[in-house]
Number of protein chains: 2
Amino acid sequence: MLKYSRQRESIKNFIMQRSDHPTAETVYMGIRKEYPHVSLGTVYRNLSLLAELGEIRKISVGDGPDRFDGNTSPHYHFFCKECGQVIDLAMDSIDHINVIASHRFGGRVEGSVTHFFGTCPECLAKEISSKSS
Amino acid sequence: MLKYSRQRESIKNFIMQRSDHPTAETVYMGIRKEYPHVSLGTVYRNLSLLAELGEIRKISVGDGPDRFDGNTSPHYHFFCKECGQVIDLAMDSIDHINVIASHRFGGRVEGSVTHFFGTCPECLAKEISSKSS
DNA sequence: CATATAATAGTAACTATTATCATTATTGGA
DNA sequence: TCCAATAATGATAATAGTTACTATTATATG
């Protein structure tokens, strides 16, 4: 049975009002302003719980800490190799790749995770301006 | 300047003759039969080096240890939720998703990583046979 | 208001991986 | 073949990220 906790509410609010996919550490730093005695364990525990409840999404990167996303609607993520930031990618659904994967496969494809990477708009602008000068 | 090492050769051979995408720990256990005093650090160092050289591929899963693949030709991986094994997925290229992602995006999409998950053929067979009985 | 129990803070423990460093192995030249 | 230069090693410590433990506190329910 789930009981309310102010810390959990604060954690959820923090995630919801950000669009930069913060890490557990960032959430910890952020809510310490409101709850100076909050424990990092509490942050991890609640982030996992909220993700299980489907209220937030957990983004597992290859290396580096996991990130969390308050936007649970289907969308994709772009990882910038230059600055390391993770940004949302507005694009048409590519769910058909699951059908392609199922085609000659004897198992059951239940889903897939796709991450895009490259150079983000900001870093690309910097790159172009430094080359033209 | 790169120097030969028997340990590295053994590690590479081990990876090459397997198709189950072993972890560093599995490689370590495997080559200890030939080199009982090999260090886990040596295994990690060489797996990273071989991956950098493009001789093997590193597969980063969301959670759990990284896996390594001796097959460097382009292909996809399927993660079974039931038994945890990682198997190759023979399917047509889905590189066009990078074009889709680029469409309304101001940055430069240089690539993407896609992992499929669900129930593998073996686990699916078990599931069906247990239901029909 | 009392009881049951979920959640917490603080901390230890854990997993996967990387770094350090003295010693050993490999390599290319005399 | 020997030697010097240096890459690689084994052993171990250190690190990052996360989970587990436990006594105490907060929440919910009758």
Side-chain angles (χ1 to χ4, degrees), chain A residues 1-15 20-53 55-69 79 84-86 115, chain B residues 1-15 20-53 55-69 77 79 84-86 113 115:
Chain A
M1 182 239 190
L2 193 68
K3 279 184 185 171
Y4 170 86
S5 101
R6 345 157 170 221
Q7 289 89 338
R8 180 156 57 237
E9 182 166 59
S10 176
I11 289 164
K12 192 180 171 189
N13 287 342
F14 185 89
I15 292 284
D20 63 343
H21 316 92
T23 63
E25 186 67 31
T26 305
V27 174
Y28 175 59
M29 292 310 203
I31 68 161
R32 275 220 291 187
K33 281 154 198 161
E34 194 180 357
Y35 295 100
H37 295 289
V38 74
S39 159
L40 187 54
T42 296
V43 173
Y44 272 104
R45 188 163 7 86
N46 280 295
L47 287 172
S48 294
L49 178 56
L50 290 168
E52 269 174 43
L53 296 174
E55 299 187 26
I56 65 174
R57 274 173 66 184
K58 183 178 182 169
I59 310 169
S60 287
V61 195
D63 59 327
D66 288 345
R67 291 166 166 272
F68 296 88
D69 191 345
F79 297 75
Q85 76 169 319
V86 179
H115 294 327
Chain B
M1 184 237 190
L2 191 68
K3 279 185 186 172
Y4 171 85
S5 102
R6 346 156 170 223
Q7 289 89 338
R8 179 156 58 237
E9 182 165 60
S10 176
I11 289 164
K12 191 180 172 189
N13 287 342
F14 185 89
I15 291 284
D20 63 343
H21 314 92
T23 64
E25 186 68 31
T26 305
V27 174
Y28 175 59
M29 292 309 202
I31 68 161
R32 274 218 292 186
K33 281 153 198 161
E34 195 181 354
Y35 295 99
H37 295 289
V38 75
S39 158
L40 186 54
T42 297
V43 173
Y44 273 104
R45 188 164 6 86
N46 281 295
L47 287 172
S48 295
L49 179 57
L50 290 168
E52 268 173 45
L53 296 174
E55 299 187 25
I56 66 175
R57 273 174 66 185
K58 182 178 183 170
I59 310 168
S60 287
V61 194
D63 59 326
D66 288 345
R67 290 166 165 275
F68 296 88
D69 192 346
H77 294 114
F79 297 76
Q85 77 170 317
V86 178
V113 179
H115 294 327

(request) Could you grab the distance from atom CD1 of I59(B) to atom CZ of F79(B), nearest 0.5 Å is fine? (result) 6.0 Å

(request) Identify, with sequence neighbours excluded, every residue that meets side-chain hydrogen bond (donor to acceptor under 3.5 Å, both in side chains) alongside K58(A). (result) none

(message) If I take atom CZ from residue R32(B) and atom CZ from residue F14(B), how far apart are they, to the nearest 0.5 angstrom?
(response) 12.0 Å

(message) Just to be sure I understand the rule, does D63(A) reach a base, reach only the sugar-phosphate, or reach nothing, if contact means heavy atoms closer than 4.0 Å?
(response) nothing

(message) According to ring-ring contact (aromatic ring centres under 6.0 Å, His included), who are the partners of Y44(A), at least two apart in sequence or on a separate chain?
(response) none

(request) Under the side-chain hydrogen bond (donor to acceptor under 3.5 Å, both in side chains) rule, collect the residues that match up with E25(B), sequence neighbours excluded. (result) none

(request) Taking side-chain hydrogen bond (donor to acceptor under 3.5 Å, both in side chains) as the test, write out the residues that go with S60(A), two or more places apart. (result) D66(A)

(message) Could you measure the distance from the OG1 atom of T26(A) to the CD1 atom of I31(A)? Nearest 0.5 Å is fine.
(response) 12.0 Å

Would you list the atom pairs, donor with acceptor, under 3.5 Å between side chains in residues 34-41 of chain A and any protein atom, with sequence neighbours excluded?
| residue | atom | partner | partner atom | Å |
| --- | --- | --- | --- | --- |
| E34(A) | OE1 | S10(A) | OG | 3.0 |
| S39(A) | OG | G41(A) | N | 3.1 |

(message) Going 5' to 3' along DNA chain C, which are the first and last nucleotides with any atom under 4.0 Å from a heavy atom of chain A?
(response) dA4(C) to dG10(C)

Write down the protein N/O and nucleotide N/O pairs, taken from nucleotides 25-27 of chain D, whose separation is under 3.5 Å; answer none if there are no such pairs.
| residue | atom | partner | partner atom | Å |
| --- | --- | --- | --- | --- |
| dT27(D) | OP1 | R6(A) | NE | 3.1 |
| dT27(D) | OP2 | R6(A) | NH2 | 3.2 |
| dT27(D) | O2 | K3(A) | NZ | 2.9 |

(message) Near DNA chain D, counting only heavy atoms under 4.0 Å, which residues of residues 40-52 of chain B show up?
(response) T42(B), R45(B), N46(B)

(request) Would you mind reading off the bend of the helix from dC1(C)-dG30(D) to dA30(C)-dT1(D) from its two end axes, five pairs each, to 10 degrees? (result) 30°

(request) Answer yes or no: is there a donor N or O on one side and an acceptor on the other, between the side chain of R67(B) and the main chain of H21(B), under 3.5 Å? (result) yes

(message) Return the CG to CD1 distance between L50(B) and I11(B), rounded to the nearest 0.5 Å.
(response) 7.0 Å

(request) Any salt bridge (charged side-chain N to carboxylate O under 4.0 Å, His left out) involving residues 4-15 of chain B? Give me the pairs, sequence neighbours left out, ordered by first then second residue. (result) K12(B)-E55(B)

(message) Nearest 0.5 Å, please: how far is CZ in R57(A) from CD1 in I15(A)?
(response) 13.0 Å

(request) Could you say whether M1(B) or A24(B) is positioned toward the 5' end of DNA chain C, judged by the nucleotide with the nearest heavy atom to each? (result) A24(B)

(request) Mind listing the closest non-hydrogen atom pair of P65(B) and T23(B) along with its distance? (result) CG-CG2, 3.7 Å

(message) Can you tell me how far apart CG (L53(B)) and CG (N46(B)) are? Round to the nearest 0.5 Å.
(response) 9.5 Å

(message) Contact list please: residues 26-37 of chain A against DNA chain D, heavy atoms, distance less than 4.0 Å, in numerical order.
(response) none

(request) Just jot down the side-chain hydrogen bond (donor to acceptor under 3.5 Å, both in side chains) partners of N13(A), sequence neighbours excluded, or say none. (result) none

